[in-house]
Amino acid sequence: MIEFHGVWKTYPDGTVALQSVNVLIERNEFVFIVGPSGAGKSTFMKLIYREEVPTKGQISVNGFNLGKLKPRKIPYLRRNIGVIFQDFRLLPKLTAYENVAFAMEVVEAPRRLIKKRTMEALELVGLKNKANSLPSQLSGGEQQRVAIARAIVNNPAVIVADEPTGNLDPETSWEIMKLLEEINYRGTTIVMATHNSAIVNAMRKRVIAIDKGVIVRDEPRGEYGYEI
Amino acid sequence: MIEFHGVWKTYPDGTVALQSVNVLIERNEFVFIVGPSGAGKSTFMKLIYREEVPTKGQISVNGFNLGKLKPRKIPYLRRNIGVIFQDFRLLPKLTAYENVAFAMEVVEAPRRLIKKRTMEALELVGLKNKANSLPSQLSGGEQQRVAIARAIVNNPAVIVADEPTGNLDPETSWEIMKLLEEINYRGTTIVMATHNSAIVNAMRKRVIAIDKGVIVRDEPRGEYGYEI
Amino acid sequence: MRFSTFSRHIREGTKSIIRNGWMSFASISSIAVSLFILGVFMLLTLNVNRFADQVESQAQIRVFLELDTPEEKIAGIERQIKLIPEVKSVVFVSKHDALERLRETLGENADVLDGYEAENNPLPDGFDVDVFEPRQISIAAEKIKALNDTDPDRSIMRVRYGEETVKQLFRITNGIRNIGLVIVLGLAVTAMFLISTSIRMTIYARRREIAIMKLVGATNGFIRWPFFVEGALTGLIGSLITAAGLLAGYAQVIRSTRLDLGLMMFDLVPLEEAFWPVGGTIVGLGTLIGIFGSILSVRKYLRV
Amino acid sequence: MRFSTFSRHIREGTKSIIRNGWMSFASISSIAVSLFILGVFMLLTLNVNRFADQVESQAQIRVFLELDTPEEKIAGIERQIKLIPEVKSVVFVSKHDALERLRETLGENADVLDGYEAENNPLPDGFDVDVFEPRQISIAAEKIKALNDTDPDRSIMRVRYGEETVKQLFRITNGIRNIGLVIVLGLAVTAMFLISTSIRMTIYARRREIAIMKLVGATNGFIRWPFFVEGALTGLIGSLITAAGLLAGYAQVIRSTRLDLGLMMFDLVPLEEAFWPVGGTIVGLGTLIGIFGSILSVRKYLRV
Ligand SMILES: Nc1ncnc2c1ncn2[C@@H]1O[C@H](COP(=O)(O)OP(=O)(O)OP(=O)(O)O)[C@@H](O)[C@H]1O
Ligand SMILES: Nc1ncnc2c1ncn2[C@@H]1O[C@H](COP(=O)(O)OP(=O)(O)OP(=O)(O)O)[C@@H](O)[C@H]1O
Ligand SMILES: [Mg+2]
Ligand SMILES: [Mg+2]
């Protein structure tokens with residue numbers, strides 16, 4: 001499903017964000033990415049949906065070979081990937097409903113389906129009653145849930161979630177985790193970066209630990225932590 | 001230092017974010033604000049630095065009576081308050097250094113002092129080596145630390161921190177908390193909203209719990225939780 | 001493109017104009033201002049052209065006959081001139097008429113002619129000859145002169161058609177036309193620049209939105225479309241306002257100057273004649289400029 | 001304001017122009033375009049005014065005396081005319097000169113004067129009178145006529161100064177001046193609109209920055225200053241470019257048309273004379289417009 005083969009990432013300013021990363025994530029896996037701030041977690045995720053390109057090495061995602069992917073084809077790669085961004089990236093002028101529906105309009109889904117699935121997704125994250133609020137009228141956690149709804153609405157093959165519970169209280173966080181687990185059971189691969197040790201330790205999924213750009217640990221039913 | 005007296009906040013769209021809040025925070029206290037997502041924590045903080053005005057009730061901060069404060073005087077109120085925003089609010093076109101220095105330039109501090117204190121603040125949050133990076137070149141946690149440096153650089157009487165460890169790994173979070181504790185010892189009042197139960201439970205400071213806009217608990221050496 | 005997608009682009013483009021508020025207003029206004037200036041110059045050019053044509057069409061050939069040419073001879077020459085294909089009309093001007101005319105020309109100085117009356121009139125008989133096409137006036141004049149070649153009496157004394165005056169007039173009207181063209185072109189380019197600038201600004205203000213669209217899997221074509229719609233609509237609205245205002249104003253000008261200019265023997269291009277060329281050009285150009293501006297800007301932005 | 005703060009505002013304003021890249025470029029270009037059109041019309045107006053003055057200053061009073069006025073009398077009248085304060089110069093035109101002139105005026109029709117020679121010249125003696133100030137020409141003419149009142153012979157037969165021609169000329173030159181003024185004003189307003197729009201857009205693009213400045217305790221004055229600097233600098237740069245380009249172009253025009261126009265007895269306003277009025281107006285107006293645009297926009301924004 002997702003394969004990193006000898007991947008290096010050096011940013012133009014010289015920062016080495018990832019070094020010699022080899023990872024194979026199978027279809028339907030649930031993977032936590034952990035590591036200290038600045039370790040390279042977000043970089044790892046950005047490489048998956050091709051917001052960044054590797055300096056060296058091969059990446060393939062859901063059958064797309066990213067090294068050979070023509071720019072014209074990038075949209076079709078991304079339609080298989082639902083992304084929850086660390087900084088939400090909601091459109092400030094669109095309501096919660098419109099922000100979610102947006103992701104479906106963009107892939108030219110039929111209108112009736114858009115309406116149905118958008119409301120379903122908002123309901124799943126518990127924001128049906130805030131559908132018509134603008135992001136500036138939502139609390140931090142509510143914005144994060146809108147971002148989650150947007151990521152799942154298209155039923156993607158992979159969900160890439162960067163710190164999806166960073167702004168949520170423990171209860172809501174658990175609800176979101178249950179939601180992601182449910183989605184995972186239904187066949188979606190999930191890659192999630194997090195600092196929340198309680199969640200990682202309780203869920204006992206595969207944990208990939210990154211420190212200073214290097215994968216220091218990769219355990220099938222791991223715990224939170226990034227010491228070698 | 002900070003006094004809320006019968007404060008209500010209803011947003012123009014009808015959302016009641018705070019109801020009949022009475023709180024007295026003394027100089028030099030360290031207060032955690034806890035509560036579920038959408039409880040009204042951010043609203044409470046916004047009222048302190050007058051980003052929002054209460055629908056009803058009295059608020060006074062550091063000697064300023066916010067109800068009677070002329071718009072012209074708002075900047076002078078805010079110079080006493082260092083704010084760490086839930087969504088960072090860094091300027092994308094300024095480097096980390098410039099983002100922090102900005103807060104001092106704006107209050108017309110002398111140039112030499114700006115240079116000195118900005119570097120000190122960046123060192124405190126562990127970002128001296130990223131001083132010349134733009135926010136887009138920083139990881140989520142690094143951006144959050146820049147926001148913290150900006151809040152403390154002016155040596156404010158109060159620091160209002162909204163989820164300052166939301167995007168940080170546990171280690172960095174603890175470093176930040178130690179930093180805030182240190183600043184608190186030196187005489188700064190600290191009001192911090194958080195979802196991090198580990199931190200709240202370990203630090204044993206005053207905890208104010210809000211749920212659905214109502215203060216449900218206010219304990220001197222409290223624990224995380226917001227059940228009545 | 002499926003119909004629902006197409007209608008989404010239209011909807012989005014329209015919504016975005018409304019949502020952008022004063023930013024759209026600014027774009028529309030600058031389109032309107034530019035096209036208005038353009039329109040004014042178009043109307044000016046139309047009217048100058050019309051005026052030039054009228055002046056040109058008044059250019060005449062004057063034929064003077066030898067003194068004492070007999071009347072039958074005169075009638076014969078008149079017939080021969082009428083046979084020349086370029087000639088539109090021939091009017092006989094007797095020497096009596098000619099004296100009256102000279103008096104008029106001299107105006108206050110006419111007293112020098114006192115004493116000249118019918119019996120001692122020193123002026124010759126002649127014709128005023130109009131041609132169909134002012135530019136053929138010199139050809140016609142040459143042909144009239146050539147009539148002498150087949151006439152043993154060589155009755156035509158002189159043929160004059162103010163060579164210099166006519167040539168100068170052509171030079172002036174051509175000059176006005178060219179200056180008009182240059183100004184109109186310059187303004188069209190200016191307008192295009194302003195519009196593409198304001199659309200670029202619109203796109204700049206929406207760079208977040210574009211980035212997010214790309215990240216959730218929108219194709220470039222899909223991203224571009226609403227901007228085209230927005231550009232085209234902005235151009236269309238701006239130019240419709242301009243065209244309506246300009247033509248209404250022009251109708252007013254026509255109404256209020258009918259008498260004044262009528263006295264000067266000149267009438268403005270009527271509204272019906274100006275409506276399509278001016279209104280059509282403004283609306284078409286505005287829309288094209290809007291589309292073109294957005295193409296340029298979107299291309300440039302999506303490449304980044 | 002402390003000096004370091006002041007220099008910060010200058011620095012920030014300048015940096016922001018550079019950082020904004022093409023957005024500043026767009027503002028500067030639209031200022032330049034507008035001011036350029038303005039400048040062209042200013043130069044046109046200056047030259048039309050100069051031309052009108054030249055034409056006006058050629059307006060003359062022509063005085064005709066009764067036939068057979070004796071020479072001493074003529075000399076006396078000449079002296080009297082010279083005493084009129086508005087009169088600049090008096091030239092005696094004998095009836096012989098007058099006949100020659102009439103011949104010239106008639107041109108190809110001059111043959112009607114054949115037979116009139118020195119001995120039977122029907123024309124009167126007279127004077128050509130120049131005045132200092134063309135607008136006083138009718139006053140001077142009245143005063144000359146009034147000389148008859150004290151002259152028992154009433155030797156002055158007629159005083160003519162082409163009342164109609166002069167009045168019409170005044171009407172035309174006034175018309176050109178007014179049209180020029182209207183166009184210049186219209187363009188100035190357009191330019192101001194464009195600039196304030198682009199500064200508003202700049203501010204719009206920086207609304208986050210402004211919001212954060214407010215939240216960290218900046219006073220409104222402090223927030224405004226860099227925008228004023230930016231507006232003023234944008235205006236200044238745009239207008240300096242325009243002024244330099246325009247005046248260099250004008251110098252070129254003067255050089256290349258010196259001969260052509262010289263033959264027409266008309267010379268363009270020299271560069272030295274146009275430099276300060278045009279260059280100064282453009283630069284001053286550009287800067288003022290920039291400042292004014294930012295004041296308007298910043299006010300509006302900070303109120304929100
Ligand atoms: N665009 C960029 N240009 C230069 N350096 C960058 C850029 N993006 C990230 N970096 C650097 O690369 C390193 C890894 O960043 P990354 O965002 O992957 O960290 P992270 O593990 O997601 O951290 P966090 O938990 O704080 O979000 C950091 O040192 C960061 O400063
Ligand atoms: N500008 C606004 N207009 C309307 N409603 C708003 C606005 N800002 C916040 N709200 C609503 O007020 C309630 C309280 O919001 P607040 O941001 O204070 O929550 P919070 O406790 O900070 O939540 P979180 O932990 O998710 O950040 C929420 O229901 C939110 O939707
Ligand atoms: Mg990250
Ligand atoms: Mg909040």
Side-chain angles (χ1 to χ4, degrees), chain A residues 45-46 48-52 62 64 70-95 98-115 134-135 146-147 149-160 162, chain C residues 1-27 198-199 201-230 233-234 294-295 298-304:
Chain A
M45 331 269 287
K46 283 176 187 166
I48 295 175
Y49 55 87
R50 211 184 176 283
E51 187 171 338
E52 296 287 351
N62 203 22
F64 290 85
K70 286 192 198 114
R72 250 182 337 104
K73 295 290 180 197
I74 295 174
Y76 303 98
L77 163 72
R78 289 186 179 154
R79 288 173 189 201
N80 298 293
I81 309 174
V83 185
I84 302 167
F85 303 97
Q86 197 167 2
D87 51 357
F88 316 160
R89 305 215 192 159
L90 300 176
L91 291 173
K93 286 183 179 172
L94 300 188
T95 65
E98 290 168 333
N99 262 292
V100 177
F102 186 68
M104 292 193 77
E105 279 171 7
V106 147
V107 299
E108 306 188 28
R111 277 236 230 164
R112 216 163 302 170
L113 191 65
I114 293 180
K115 203 160 191 172
L134 294 174
V146 175
R150 182 180 62 190
I152 63 176
V153 76
N154 270 331
N155 237 330
V158 190
I159 286 182
V160 173
D162 200 350
Chain C
M1 201 187 299
R2 42 191 328 159
F3 177 73
S4 71
T5 305
F6 180 73
S7 74
R8 177 209 172 258
H9 293 324
I10 302 287
R11 222 175 340 114
E12 285 303 310
T14 317
K15 253 205 257 172
S16 136
I17 289 183
I18 296 164
R19 268 202 174 127
N20 278 341
W22 65 256
M23 225 148 84
S24 307
F25 174 76
S27 305
S198 57
I199 284 176
M201 287 183 171
T202 312
I203 289 175
Y204 178 79
R206 279 208 249 142
R207 62 200 183 286
R208 270 171 68 92
E209 191 174 337
I210 294 175
I212 293 172
M213 286 173 99
K214 283 194 201 168
L215 284 176
V216 296
T219 58
N220 283 353
F222 186 88
I223 294 174
R224 282 180 189 144
W225 261 98
F227 289 105
F228 296 163
V229 171
E230 184 177 354
L233 266 183
T234 308
S294 41
I295 288 177
V298 170
R299 277 268 162 82
K300 197 161 176 187
Y301 190 82
L302 288 181
R303 286 252 175 88
V304 171

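These numbers come from the heavy atoms of this one structure, side chains and all, not from hydrogens, waters or symmetry mates. Each chain gets a letter, A, B and so on, in the order the sequences are listed, and its residues count up from 1.
Of the two parts of A:Leu90, only the backbone, made up of N, CA, C and O, holds a non-hydrogen atom closer than 4.5 Å to a non-hydrogen atom of chain C. Residue contact with chain C, scored on non-hydrogen atoms closer than 4.5 Å, involves the side chain of A:Arg150 exclusively. With a 4.5 angstrom heavy-atom cutoff, A:Pro156 does not touch chain C via any of its atoms.
The two residues C:Ile212 and A:Arg89 make their nearest non-hydrogen contact at CD1-O, 3.0 Å. Of all the heavy atoms in A:Glu105 and C:Phe222, the pair that sits closest is O-CZ, 3.1 Å.
Here C:Met213 contributes atom CE and A:Leu91 contributes atom CG; the two are 9.0 Å apart, rounded to the nearest 0.5 Å.
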*Apply side chain to side chain contact (heavy atoms under 4.5 Å, CB included) to the pair C:Lys214 and A:Glu51, showing each step before the final yes or no.*
CA-CA 9 Å; C:Lys214 283 194 201 168; A:Glu51 187 171 338; over 6 Å; no

*Could you give me the CA-CA distance, side-chain angles and deciding distance for A:Arg79 and C:Thr219, then say whether side chain to side chain contact (heavy atoms under 4.5 Å, CB included) is met?*
CA-CA 10 Å; A:Arg79 288 173 189 201; C:Thr219 58; 3.5 Å; yes

